[in-house]
Amino acid sequence: MLELFKDDFHSVIGTLYYIWKALNNCPEIVFLGNDRKAFDRYIEKLKIKFSDAELYNRKSEEVEIKISNYLAGRTPDIDLKPYFLTGSDFEKKIWLSTIKIPYGAAISYKELAQKAGFTRAWRAAGTALNHNPVMLIVPCHRVIKSSGEIGFFGRDTKIKEFLLNLENISKNKKIK
DNA sequence: TGCATGGCGCCGG
DNA sequence: ACCGGCGCCATGC
């Protein structure tokens with residue numbers, strides 16, 4: 001049986017909702033996002049896909065502290081692992097390639113697609129990032145347009161700006 | 001099945 | 001530098 005836990009907490013970028021799974025001592029992140037509706041939708045999706053799953057309300061001190069530290073600029077590496085319960089093979093490959101982008105760096109959607117092995121699928125790569133279930137953990141904010149513009153971030157481009165600024169990534173000079 | 005829809009890229013005016 | 005237009009590809013209905 002699949003046991004999952006959920007909660008939310010306040011952060012400098014607004015309320016963050018999360019779902020996690022206990023693995024020994026270290027939590028794995030199934031969902032992390034700032035959009036309540038996306039959170040609710042994700043839960044519905046899980047219920048359909050995993051009818052045997054149990055979802056409890058439970059806080060993870062570790063998750064909240066690590067994310068808060070990252071958002072405060074104290075620790076570059078959030079040090080939490082994602083656990084993908086949804087997503088196509090394509091999407092997972094895009095997400096996994098995105099994880100490899102180091103703190104403080106940025107690449108274009110096109111470069112990301114190439115890295116993931118889909119040379120011409122840069123547009124689809126953007127769509128896959130829009131479906132990223134774990135913001136910050138899969139650092140989709142480090143993927144920007146080839147032109148140097150920052151591109152989209154769900155509904156909240158402000159958050160992408162905040163994160164790029166936090167990591168000291170300048171908008172018009174992307175770092176390879 | 002086909003077709004529209006995207007967090008994009010490139011080129012020409 | 002700034003558009004518009006067209007091309008690109010995985011998904012969803």
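The chains referred to below are lettered A, B, ... by the order of the sequence lines, with proteins before strands, and numbering in each begins at 1.
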What's in the same ILVMFWY side-chain cluster as Phe50(A), cut-off under 4.5 Å, chained through other members? Leu2(A), Leu4(A), Tyr17(A), Ile19(A), Val30(A), Phe31(A), Phe39(A), Tyr42(A), Ile43(A), Leu46(A), Leu55(A), Tyr83(A), Leu85(A)

Does anything in [range] pair up under side chain to side chain donor-acceptor pair (under 3.5 Å), and if so which pairs, sequence neighbours excluded?
range: residues 68-78 of chain A; value: Asn69(A)-Arg74(A), Tyr70(A)-His141(A), Tyr70(A)-Glu167(A)
range: residues 124-133 of chain A; value: Glu91(A)-His131(A)
range: residues 53-63 of chain A; value: Lys6(A)-Asn57(A), Lys59(A)-Glu64(A), Glu62(A)-Lys66(A)

Let's see if you get this right: which residues in residues 39-50 of chain A place a heavy atom under 4.0 Å from DNA chain B? none

Using modelled atom types only, decide if a donor and an acceptor are shared between the side chain of Arg142(A) and the backbone of Ile101(A) within a distance under 3.5 Å. yes

Determine the interplanar angle of the Trp20(A) and Phe5(A) rings, folded into 0 to 90°, and report it as parallel if under 30°, tilted if 30 to 60°, perpendicular if over 60°. tilted

Closest contact, heavy atoms only, Pro139(A) versus Ile137(A): CD-O, 3.3 Å

Least distance between heavy atoms, Leu16(A) atom then Asn34(A) atom: CD2-CB, 3.9 Å

Would you indicate, yes or no, if [N] has its OP1 or OP2 atom less than 4.0 angstrom from a side-chain nitrogen or oxygen of [X]?
X: Lys145(A); N: dC8(B); value: yes
X: Lys110(A); N: dC8(C); value: no
X: Ser146(A); N: dC8(B); value: no

How is Ala124(A) classified with respect to the nucleic acid when contacts are heavy atoms under 4.0 Å: base, sugar-phosphate, or nothing? base

So, using side chain to side chain contact (heavy atoms under 4.5 Å, CB included) as the criterion, who are the partners of Phe152(A) when residues are at least two apart? none

If you restrict it to nitrogen or oxygen atoms, what contacts under 3.5 Å exist between nucleotides 1-3 of chain B and the protein, and what is each distance?
none

Measure the distance from [atom1] on [X] to [atom2] on [N] and round it to the nearest whole Å.
X: Lys115(A); N: dC8(B); atom1: NZ; atom2: C1'; value: 18 Å
X: Asp35(A); N: dG7(B); atom1: CG; atom2: C1'; value: 14 Å
X: Phe90(A); N: dG12(C); atom1: CZ; atom2: P; value: 12 Å
X: Glu149(A); N: dG7(B); atom1: CD; atom2: P; value: 15 Å
X: Arg142(A); N: dC8(B); atom1: CZ; atom2: P; value: 19 Å

Just to verify, what does Lys45(A) make a salt bridge (charged side-chain N to carboxylate O under 4.0 Å, His left out) with, not counting sequence neighbours? none

Interatomic spacing from CG in Asn165(A) to NZ in Lys158(A) - rounded to 0.5 Å: 13.0 Å

Could you tell me which residues satisfy ring-ring contact (aromatic ring centres under 6.0 Å, His included) with Phe84(A), sequence neighbours excluded, listed by chain and number? Trp95(A)

All stems with DNA chain B, defined as three or more consecutive Watson-Crick or G-U pairs under 3.5 Å: B:2-6 with C:9-13, B:8-13 with C:2-7

Protein-nucleotides 3-7 of chain C N/O pairs closer than 3.5 Å?
{"from": "dG7(C)", "atom 1": "N2", "to": "Trp122(A)", "atom 2": "NE1", "distance (Å)": "3.4"}

Could you work out which one of dG7(B), dC9(C), dG9(B) sits closest to the side chain of Phe153(A)? dG7(B)

Sorted by first residue and then second, give each salt bridge (Lys or Arg N to Asp or Glu O under 4.0 Å) pair with at least one member in residues 7-36 of chain A; sequence neighbours left out. Asp35(A)-Arg155(A), Arg36(A)-Asp40(A)

Is it the case that dG7(B) (base atoms only) and Tyr109(A) (side chain only) share a donor and an acceptor within less than 3.5 Å, ignoring hydrogens and angles? yes

Is it true that Trp122(A) and Tyr109(A) have ring centroids separated by less than 6.0 Å? no

